[in-house]
Engineer: 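The following block contains the structure, expressed as structure tokens.
Reminder, nothing fancy here: chain letters follow the sequence lines and each chain counts from 1.
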Amino acid sequence: MPELPEVETIKRTLGKKITGLTITDVEIIMSKVIRDPSPEEFSAQITGSKITRLGRRGKYLLLYLTGNNVLVIHLRMTGRLVYTEPSEPLAKHTHVVFSLSDGNELRFNDIRQFGRLQLAPKQALNQVKGLKDLGPEPLEREFTKTFLRRELKRKRVRIKSLLLDQTFIAGLGNIYADEALYRAHLNPQRIANSLSPREIAKLYHAITEVLQEGIENRGTSFRDYVDGDGRKGNYQELLQVYNREGSACKHCGTTITRIKINGRSSYFCPVCQREHN
DNA sequence: CGGCTCTCCTGCAAGC
DNA sequence: TGCTTGCAGGAGAGCC
């Protein structure tokens with residue numbers, strides 16, 4: 001499930017391969033993955049464009065094209081971008097194929113068909129649904145302790161739910177949210193506006209640290225995620241709580257617990273992350 | 001508007 | 001062994 005560190009890693013690895021290349025053809029195999037415009041318009045606008053640079057906003061990957069367009073890609077759960085030779089057989093769930101001027105292809109495949117591609121004019125990027133309501137980038141200067149304090153104060157949801165809310169902060173998913181809460185010694189069920197200034201400060205540092213470490217380790221590969229080189233990340237080996245139900249906490253040895261919060265799994269150590277203290 | 005639930009989809013694991 | 005059932009999850013729609 002590509003979250004901020006995974007998308008950032010894809011941006012860096014894929015960027016080295018496809019920046020400067022022209023898209024010579026677009027084949028849409030499953031049209032529902034194209035959110036906007038129509039498949040015909042999508043192909044027509046992209047064909048002949050050059051990829052000038054790659055960007056990222058939250059979990060969205062951005063391919064800046066000549067002709068003033070941006071190809072906005074969200075991989076959701078199982079989406080993959082595969083840079084490969086045309087002779088390579090199409091994977092079962094390949095939905096879109098971009099032919100590139102170096103003779104290779106960029107393929108979008110997605111087992112669960114949740115991922116979406118969208119084309120938007122560069123100046124209209126901040127009007128794209130999903131993108132326009134994103135909260136601050138947690139690794140940029142705009143994400144501050146003051147912001148976190150102010151926003152937490154007016155929220156009555158559980159802190160775990162808030163961390164997953166992209167309109168609150170962009171880029172955290174289930175893995176890094178659980179890891180950040182563990183690092184901050186915060187129980188995922190805590191109500192956001194009950195956190196003390198000290199706890200908020202710990203959470204602030206925990207969020208930036210886990211994301212930074214995720215990037216340094218080229219992301220977390222559970223099942224599907226690979227980077228632009230087709231390589232798996234390493235951060236799954238450094239996870240403290242996520243997907244570790246029944247295992248010992250690496251700090252205190254207590255069994256890691258899993259509960260559901262708003263339908264999402266939350267992994268935590270019941271001792272290191274006590275609800276009341 | 002805030003906050004919650006349902007939905008999309010396939011692959012895999014658990015259970016009988 | 002082979003079937004059925006349930007679960008995983010990001011974000012948008014829809015509800016109160």
Side-chain angles (χ1 to χ4, degrees), chain A residues 1-8 10 29-36 56-62 72-82 90-96 107-118 120 125-135 137-138 150-181 188-194 211 214 219-226 233 235-236 239 241-246 256-268:
Chain A
M1 45 217 87
E3 305 178 24
L4 188 154
E6 289 75 38
V7 179
E8 180 64 26
I10 293 170
I29 297 161
M30 183 179 282
S31 57
K32 79 165 181 186
V33 304
I34 312 295
R35 181 143 85 162
D36 197 56
R56 180 191 60 75
R57 177 76 173 98
K59 302 175 195 172
Y60 290 84
L61 184 69
L62 309 172
V72 179
I73 301 173
H74 199 306
L75 299 171
R76 293 284 185 95
M77 305 296 302
T78 53
R80 273 191 187 187
L81 289 166
V82 181
L90 278 193
K92 188 177 171 187
H93 299 286
T94 302
H95 306 315
V96 182
R107 299 175 182 174
F108 170 69
N109 71 51
D110 187 355
I111 292 171
R112 292 188 198 168
Q113 306 169 21
F114 285 178
R116 289 293 180 265
L117 280 61
Q118 175 164 7
L125 208 52
N126 52 12
Q127 294 163 36
V128 170
K129 193 178 288 184
L131 215 47
K132 71 167 186 222
D133 297 320
L134 287 181
E137 279 294 319
R150 190 181 66 225
E151 291 301 308
L152 288 188
K153 199 159 67 179
R154 53 188 214 92
K155 296 286 187 182
R156 297 163 189 280
V157 283
R158 282 165 290 194
I159 187 65
K160 171 63 185 290
S161 297
L162 192 56
L163 293 183
L164 294 178
D165 181 352
Q166 302 301 297
T167 68
F168 172 66
I169 317 180
L172 284 174
N174 219 22
I175 297 173
Y176 295 95
D178 279 1
E179 293 298 312
L181 289 170
Q189 300 173 96
R190 289 282 300 279
I191 301 298
N193 71 1
S194 78
L211 292 173
T220 303
S221 289
F222 249 124
R223 287 175 37 181
D224 301 285
Y225 166 71
V226 291
Y235 199 62
Q236 64 278 4
L239 295 177
V241 285
Y242 186 82
N243 205 36
R244 295 193 69 242
E245 183 186 22
I256 300 298
T257 302
R258 176 169 69 137
I259 59 169
K260 288 268 191 179
I261 297 178
N262 283 347
R264 292 287 171 265
S265 290
S266 277
Y267 300 88
F268 67 101

Engineer: May I ask you to say whether A:Lys59 pairs ionically with A:Glu3, meaning some side-chain N is under 4.0 Å from a carboxylate O?
Structural biologist: no
Engineer: If the plane angle is over 60° it's perpendicular, under 30° parallel, otherwise tilted; pick one for A:Tyr235 and A:Tyr176.
Structural biologist: parallel
Engineer: Output the single nucleotide from B:dG11, C:dG12, B:dG3 whose closest atom is nearest the side chain of A:Val157.
Structural biologist: B:dG3
Engineer: From CG of A:Leu172 over to C1' of C:dG9, roughly how many Å is that when rounded to an integer?
Structural biologist: 15 Å
Engineer: Heavy atoms from C-beta onward define the side chain here; which of C:dG12, C:dG10, B:dG11 lies closest to that of A:Met77?
Structural biologist: C:dG10
Engineer: Stacking between C:dG9 and A:Phe114, yes or no? Criterion: centroid separation under 5.5 angstrom, plane angle under 30 degrees.
Structural biologist: no
Engineer: State which of C:dA11, C:dA8, C:dG9 makes the closest approach to the side chain of A:Tyr242.
Structural biologist: C:dG9
Engineer: Would you call A:Arg116 and A:Asp36 a salt bridge, taking side-chain N to carboxylate O under 4.0 Å as the test?
Structural biologist: no
Engineer: Can a side chain N or O of A:His93 be found less than 4.0 Å away from OP1 or OP2 on B:dT10?
Structural biologist: no
Engineer: Go through the N and O atoms of the side chain of A:Arg264 and the base of C:dG10, and report whether any donor-acceptor pair is under 3.5 Å.
Structural biologist: yes
Engineer: Looking at A:Lys32, I'd like to know whether one of its side-chain N or O atoms comes within less than 4.0 Å of OP1 or OP2 on B:dC8.
Structural biologist: no
Engineer: Tell me whether the side-chain N or O atoms of A:Arg116 pair up with the base of C:dA11 as donor and acceptor below 3.5 Å, since no angle test is needed here.
Structural biologist: no
Engineer: Roughly how far, to the nearest 0.5 Å, is the CZ atom of A:Arg156 from the OG atom of A:Ser161?
Structural biologist: 15.5 Å
